[in-house]
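One structure below.
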There are 2 protein chains.
Amino acid sequence: MARSPASRGARAATLSDVARLAGVSVATASKALNGRNHVHAQTRARVLEAAQQLSFSPNSLARGLLAGRSGTVGLLTSDLVGRFSLPILMGAEDAFGAGQVSVFLCDARGDAIRERHHVQALVSRRVDGLIVVGSSTDPRPPLVEGVDVPVVYAYAPSEDPADLSIVPDNVGAGRMAVEHLIACGRTRIAHISGDRDYSAARDRVVGAEAALEAAGLEPVGEVAYGTWSEGWGRAAAGLVLDRHPELDAILCGSDQVARGVLDTLRERGRAVPEDVAVMGFDNWEVVATGSRPGLTSVDMNLEELGRTAARAMFDAIDNEHARGVQTTQCRVVIRGSTAPVA
Amino acid sequence: MARSPASRGARAATLSDVARLAGVSVATASKALNGRNHVHAQTRARVLEAAQQLSFSPNSLARGLLAGRSGTVGLLTSDLVGRFSLPILMGAEDAFGAGQVSVFLCDARGDAIRERHHVQALVSRRVDGLIVVGSSTDPRPPLVEGVDVPVVYAYAPSEDPADLSIVPDNVGAGRMAVEHLIACGRTRIAHISGDRDYSAARDRVVGAEAALEAAGLEPVGEVAYGTWSEGWGRAAAGLVLDRHPELDAILCGSDQVARGVLDTLRERGRAVPEDVAVMGFDNWEVVATGSRPGLTSVDMNLEELGRTAARAMFDAIDNEHARGVQTTQCRVVIRGSTAPVA
DNA sequence: AAAGCGACCGAAAACCTTTTCGGAACCTTC
DNA sequence: GAAGGTTCCGAAAAGGTTTTCGGTCGCTTT
């Protein structure tokens with residue numbers, strides 16, 4: 001590591017050092033550096049020069065101690081490895097990082113003990129707020145400890161309706177998907193979903209069925225619940241095609257399921273999108289673009305969700321804050337697997 | 001948000017509050033809470049009771065100010081969205097989180113300006129160390145600013161050999177892959193790599209060719225460089241099969257490329273693994289397990305890399321620290337796409 | 001020339017914890 | 001009863017910054 005030439009090993013330059021070098025008091029140095037008035041222009045220049053020379057960097061710990069706020073927030077995920085946390089985290093980091101706020105990242109690994117430990121550490125560090133990111137959209141118990149800072153729950157809502165939670169609009173996503181298929185002229189739409197235990201799967205089904213009903217259409221067969229895997233998509237597509245060969249679209253619970261469905265369709269010689277249109281959810285870039293044809297998918301806008309959570313956090317820090325569950329919009333990303341009927 | 005019942009709105013309990021409630025001085029309260037001796041057992045109990053009652057949480061800012069170290073480290077990624085940063089970050093967070101260290105996460109989005117800004121902020125927060133995570137294994141310029149804390153570069157090494165860098169052993173990975181194929185009895189091994197501009201691709205090729213030579217085997221055709229995509233895998237597999245129909249194994253530059261190769265092999269009626277064995281790199285779980293058959297792959301052990309970087313950071317914080325580029329081991333994960341010849 | 005006023009600067013307190021060192025209280029022993 | 005030792009507790013300083021308030025200096029006005 002390269003040590004800065006200015007600092008001779010031991011400790012970083014302090015405001016006193018700057019003041020001494022500039023020949024003023026610490027008070028004046030502070031005012032000069034922070035752009036407060038009542039400082040002569042020439043004096044200010046001397047201070048800035050001295051600070052530059054010592055590569056002075058104000059100690060945020062001392063500043064935070066005095067101000068009573070640290071300028072930091074905690075981001076507590078329960079499952080970082082899952083791919084849903086990451087974009088949320090990016091959005092939040094984006095919104096905070098643009099300001100003066102730094103982000104503590106903690107991953108609880110789905111362990112409640114670990115979570116408590118992390119919360120305790122964050123409280124001790126006097127974070128100004130806390131964003132709790134869940135690993136699925138199913139509700140989770142609120143943080144129990146005496147947390148004295150604003151908390152925003154993202155992705156997974158808190159079970160306590162008095163808390164503020166930001167979640168993706170899965171019902172709306174299901175609706176948008178079906179509306180897109182209908183707009184493509186499809187009328188015989190089957191639905192191969194994911195794991196029934198996930199509210200995300202059920203909510204998307206609710207939205208899809210509502211859109212079908214609104215259009216006066218009947219679903220083709222029952223919704224097939226299974227797992228979130230490609231294997232399930234392959235197997236389920238076989239079953240559905242056997243029973244309902246007349247279908248002209250398959251809505252899939254996730255992009256992975258859709259990949260499996262595409263596999264089976266190709267094996268059976270059903271052309272996509274001419275014969276059958278296919279859609280997925282999540283818009284998982286690498287999965288959706290790697291398939292043949294590219295997969296139309298509903299993007300859950302998770303990065304926007306993260307930004308929204310961060311903004312809600314800002315609001316909660318100074319003003320009094322909102323409560324309840326808020327949803328964020330999704331959007332359809334059209335690729336080759338859906339197209340208007342000829 | 002639920003406010004703790006103990007804190008009546010305004011500010012968190014301080015050590016003075018605890019001391020007052022326990023009827024002792026702050027000095028004694030501090031000693032009691034930190035388990036120092038020279039405190040009567042009964043007095044200690046009174047203090048602990050008081051702290052509990054006020055849900056006291058020591059102010060890490062004040063503690064850090066006094067101790068001269070904050071107990072935090074910065075994790076600076078250049079591309080969080082890429083899937084390589086995440087496991088490294090998890091490993092590091094794991095290693096740090098187990099101790100008393102909290103982690104600041106910053107994403108520079110590949111922007112040098114943004115990176116400087118984040119470094120400045122981290123220095124101001126008096127982090128005890130810094131891990132810089134790159135987005136590819138190609139060397140990157142070192143942090144220029146007068147950073148007065150230990151820096152460890154992970155994944156992407158620093159261009160300055162005086163810095164400490166931890167990178168995955170791509171050469172070893174290539175070697176291990178070919179050794180596995182040879183152990184399966186394959187002798188006519190083709191190599192479809194990824195983007196030639198990435199040192200990861202070139203290093204893997206180096207290792208693979210070394211292993212072939214060590215076994216007295218000739219490569220089948222030239223190494224095919226292209227992109228890291230499924231599409232490239234599909235196309236390249238077609239070309240290679242046309243020219244070298246005798247091959248009995250294809251080593252692929254990444255799991256995504258391997259997925260494409262598998263596609264083409266199936267279309268051409270070549271059985272995997274009986275006829276042709278296929279391997280990838282990265283062991284990207286969802287890609288490698290979703291394919292038919294499951295994809296044998298070389299895991300780069302990125303989480304371990306993150307942990308190693310964190311440990312190196314610890315060493316650098318107290319002792320004087322190491323320099324140069326260190327590599328971490330990879331490992332072969334065997335699935336259905338490779339098997340001994342019958 | 002005295003008074004008044006504005007512009008600029010500095011001393012000191014505050015934030016909260018840890019550590020050092022001196023002092024008080026109590027007990028033992030001669 | 002005094003000397004000495006042990007055990008426990010408290011005063012105070014340190015760490016770096018910001019803010020408040022009082023003070024100094026020079027200039028203007030009458």
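Values below: all heavy atoms of this structure, side chains included; hydrogens, waters and symmetry mates excluded. Note on naming: letters A, B, ... go to the chains in the order of the sequence lines (proteins, then strands), and numbering restarts at 1 for each one.
Whole-Å rounding puts the R20(B) CZ to dC9(D) C1' distance at 18 Å. One interatomic measurement links the two molecules: CG of N59(B) to P of dA14(D), which rounds to 21 Å at whole-angstrom precision. The distance between atom NZ of K31(B) and atom P of dC9(D), rounded to the nearest whole Å, is 8 Å. Spacing between atom CZ of R126(A) and atom C1' of dC16(C) amounts to 9 Å, rounded to whole angstrom units.
Side-chain proximity of V26(B) to dT18(C), dC16(C), dC9(D): nearest is dT18(C). Comparing dT17(D), dT17(C), dC9(D) against the side chain of T14(B) picks out dT17(C) as the nearest. Comparing dT17(D), dG10(C), dT19(C) by their closest approach to the side chain of A27(B) singles out dT19(C). Set against dG10(D), dC9(C), dT18(D), the side chain of V24(B) has dG10(D) as its closest nucleotide.
Side-chain contact, S158(A) with D160(A): no donor N or O sits under 3.5 Å from an acceptor N or O. Neither side chain, T72(A) nor R125(A), offers a donor N or O lying under 3.5 Å from an acceptor on the other.
A heavy-atom distance below 4.0 Å to DNA chain D is reached by these residues of residues 61-70 of chain B, ordered by number: A62(B), L65(B), L66(B). The stretch residues 32-52 of chain B touches DNA chain C through N34(B), R36(B), each having a heavy atom within less than 4.0 Å of the strand.
For the helix from dA1(C)-dT30(D) to dC30(C)-dG1(D), the rotation axes defined at the first and last 5 base pairs enclose an angle of 60°, given to the nearest 10°.
In this structure, the side chains of P142(B) and Y153(B) come closer than 4.5 Å at one or more pairs of heavy atoms. With a 4.5 Å cut-off on side-chain heavy atoms, L33(A) and P58(A) do not count as touching.
OP1 or OP2 of dG10(C) lies within a sub-4.0 Å distance of a side-chain N or O belonging to S25(A). Phosphate proximity of dG10(C) to T28(A): present, with a side-chain N or O under 4.0 Å from OP1 or OP2.
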side-chain contact (heavy atoms from CB on, under 4.5 Å) evaluation trace for V167(A) with T137(A)
CA-CA 7 Å; V167(A) 301; T137(A) 55; 5.5 Å; no
Audit row: L86(B), R83(A), side-chain contact (heavy atoms from CB on, under 4.5 Å) steps and yes/no
CA-CA 10 Å; L86(B) 187 59; R83(A) 66 182 184 288; over 6 Å; no
Would R36(B) and R44(B) count as a side-chain contact (heavy atoms from CB on, under 4.5 Å) here? Give the steps.
CA-CA 10 Å; R36(B) 326 281 311 204; R44(B) 185 187 305 275; 5.9 Å; no
Please step through side-chain contact (heavy atoms from CB on, under 4.5 Å) for the pair M90(B) and D107(A), ending with a clear verdict.
CA-CA 8 Å; M90(B) 297 239 335; D107(A) 185 12; 3.8 Å; yes
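Screening residues 44-95 of chain B for ring-ring contact (aromatic ring centres under 6.0 Å, His included), with sequence neighbours left out, gives F84(B)-Y155(B).
With sequence neighbours excluded, no residue satisfies side chain to side chain donor-acceptor pair (under 3.5 Å) with E93(A).
A donor-acceptor pair is defined here as one N or O able to donate and one able to accept, closer than 3.5 Å; such a pair exists between the side chain of N59(B) and the backbone of L61(B). Side-chain N or O atoms of S70(B) include one that pairs as donor or acceptor with a backbone N or O of R126(B) at under 3.5 Å.
Comment: R307(A) engages E304(A) in a salt bridge, judged by a side-chain N to carboxylate O separation of less than 4.0 angstrom.
By the 30° and 60° cut-offs, the orientation of the rings of F96(A) relative to F314(A) is perpendicular.
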Show me the protein contacts with nucleotides 22-25 of chain C, counting only N or O atoms at under 3.5 Å.
none

